[in-house]
Amino acid sequence: MPFARQIENVVMSTDLLDIHTHLYAPAFRELLLWGIDELLTYHYLVAEVFRYLDVPYEKFWALSKTEQADLIWKELFLEHSPISEACRGVLTTLHALGLDVKKRDLPAIRKWFAAQDADKHITRCMELAGVKKIYMTNSPFDDLERPVWEKGYRRDERFQACLRIDPLLVAWRETAPKLARWGYKVKSAPLNQKAFDEVRRFLADWTKRMNAAYVMVSIPSDFAFPARDATSQLIEKAVLPHCREFGLPFALMPGVRRAVNPQLRLAGDGVGLSDLSALQNLCAGFPGNKFMVTVLARENQHELCVLARKFRNLHVFGCWWFTNVPYLIDEMTRLRIELLGLSFTPQHSDARVLDQIIYKWQHSRSIIAQVLVEKFSALAQTGWQVTHEEVERDVQGLFGGNFERFCRH
């Protein structure tokens, strides 16, 4: 078998860890989204359909989910060719599940999904995607999610919890009263050592309750560190000490601009260029902490790689949100390999709908395989011969091994 084909086979067949998603274990019931209507009303498609619709936003949101899905199917799949990455992803998923998309029969597709058993469907989607573990995004501040954790549930070994703390860091004044109601002795002002200690107690309680793999936050593009604001102080005095105590990475996702068009709801967030000197200051100032980072703006990707070359406590991962399109996945994977070798995690699905892991990983694997074929071929031109076993080792690192080593050390 040609060496290029061997590399492709390894990339397409190696089971992986999906280290950041918005999926949930079955015990969370309605929070686990799956099925055709969820696929079609994914916020990527909602934003896209309004490129064509001239109806008021309020009229769209007044529709039922099925009606919204019908409208999106009509506009993006029937009246225009479904050529965008989000549209193609729906079709890749349906095709992989064995559905005949040529018929364009949405009612028949709905009927098929309605007949599926949720737990068996999870297994099938994970097998088709080659995903052996899904890392969730878990927020104690979510009123639907929190009671499940407080009551306790039988864990599903396919799903790993991760502690998401955005409200704590980016909306302290609104969040502090909630902590106080939950028994933590904090006030919105002033921030003092007592408040930091109580926040650490909160983080410890939820880390233990969830058995969280890491602590995470998405932060706006204007995030600065150090600074006198609550976000910076809480990170320095509470989050980082907590992560050191528990040996957890702190995952930072800079670059989001929330609600640039609030009428689009979840689809209304935008992207901004981040000042990564904040990340540099964190990595340099706190060598005892581990930082996992994915950046939203394309313009920040090169600087992020350079920082990762300087700080071994920084792990670069994934192509997040607006960068999770083939053109940029290809570009970013090449950039990272050329600057970082194989010491990063090239992708995560960021899936909000279970079925999406199928297309997101099929599409990403194909691109990563192409990049690796080119890079290993260039290496062979130097006279260096790479064995099949070494390719398997390297791909396993890219698909979860590097992440696991970073978390351990």
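In this chain, numbering begins with 1 at the start of the sequence shown.
Remark: C162 SG to I19 CD1 distance equals 8.5 Å, nearest 0.5 Å. To the nearest 0.5 Å, atom CD1 of residue I367 and atom CD1 of residue I329 are 4.5 Å apart. To the nearest 0.5 Å, atom NZ of residue K185 and atom NZ of residue K194 are 5.0 Å apart.
A search for side chain to side chain contact (heavy atoms under 4.5 Å, CB included) contacts involving L78 returns W73, R104, not counting sequence neighbours. Under the side chain to side chain contact (heavy atoms under 4.5 Å, CB included) criterion, K59 pairs with V55, P56, not counting sequence neighbours. Applying the side-chain hydrogen bond (donor to acceptor under 3.5 Å, both in side chains) rule to T123 yields the partners R158; only residues at least two apart in sequence or on another chain are considered. Residues passing the ring pair (Phe, Tyr, Trp, His ring centres under 6.0 Å) test with H302: none are found, sequence neighbours excluded. Residues satisfying the salt bridge (charged side-chain N to carboxylate O under 4.0 Å, His left out) criterion with E30, sequence neighbours excluded, are absent altogether. Among residues two or more places apart in sequence or in another chain, the ring pair (Phe, Tyr, Trp, His ring centres under 6.0 Å) test is passed with F50 by Y57, F60. Residues forming a side-chain hydrogen bond (donor to acceptor under 3.5 Å, both in side chains) with S277 (at least two apart in sequence, or on another chain): D275. Residues passing the ring pair (Phe, Tyr, Trp, His ring centres under 6.0 Å) test with Y153, sequence neighbours excluded: F28, W149. By the side-chain hydrogen bond (donor to acceptor under 3.5 Å, both in side chains) test, S349 pairs with D18, sequence neighbours left out.
Summarising the local packing, NZ of K375 is surrounded by more than 12 heavy atoms from other residues, nucleotides or ligands at distances under 6.0 Å. Within a 6.0 Å radius of CZ in R5, other residues, nucleotides and ligands contribute 12 heavy atoms or fewer. The environment of R155 atom CZ is dense: over 12 non-hydrogen atoms of other residues, nucleotides or ligands sit within 6.0 angstrom. Remark: R29 CZ is loosely packed, at most 12 non-hydrogen atoms of other residues, nucleotides or ligands lying under 6.0 Å away.
For the residue pair T345 / N402, no side-chain donor-acceptor distance below 3.5 Å is found, with atom types taken as modelled. Counting only N and O atoms by type, the side chains of N324 and H348 include no donor and acceptor under 3.5 Å apart.
Counting all heavy atoms, side chain and backbone alike, A86 lies closest to L45 at CB-CD2, 3.8 Å. L39 and V90 get closest at one heavy-atom pair: O-CG2, 4.1 Å.
Contact check on K65 versus E38 returns a salt bridge, with a Lys/Arg side-chain nitrogen under 4.0 Å from an Asp/Glu carboxylate oxygen. Residues E48 and R51 are not paired through a salt bridge, judged by the lack of any N-O separation under 4.0 Å between the basic side chain and the carboxylate. The pair E127-R124 fails the salt-bridge criterion, with no side-chain N (NZ, NE, NH1 or NH2) lying under 4.0 Å from an Asp/Glu carboxylate O. Checked for salt-bridge contact, D70 and R110 meet the test: a charged N lies under 4.0 Å from a carboxylate O.
Taking the side chain as every heavy atom from C-beta outward, P26 and I122 approach each other to under 4.5 Å. Contact check for D269 versus W321: side-chain heavy atoms found under the 4.5 Å cut-off. Two residues are said to be in side-chain contact when any heavy atoms from C-beta on lie closer than 4.5 Å; L328 and C319 fail this criterion. Counting heavy atoms from C-beta on, the side chains of E8 and V11 never come closer than 4.5 Å. Counting only heavy atoms from C-beta outward, the side chains of L248 and L163 never approach each other to under 4.5 Å. With a 4.5 Å cut-off on side-chain heavy atoms, M332 and R298 do not count as touching. With contacts defined as side-chain heavy-atom distances shorter than 4.5 Å, the pair L16/Q347 does not qualify. T92 is listed as a side-chain neighbour of H363, based on a closest heavy-atom distance under 4.5 Å.
Applying the ring-ring contact (aromatic ring centres under 6.0 Å, His included) definition to pairs two or more places apart or across chains, those involving residues 381-404 are Y135-F403. For residues 211-230, the pairs satisfying side-chain hydrogen bond (donor to acceptor under 3.5 Å, both in side chains) are R164-S218, D166-S218, S218-R258, S221-R257, with sequence neighbours left out. Sequence neighbours left out, the pairs with a member in residues 235-253 that pass side-chain hydrogen bond (donor to acceptor under 3.5 Å, both in side chains) are R200-E245, T207-H242, R244-N289.
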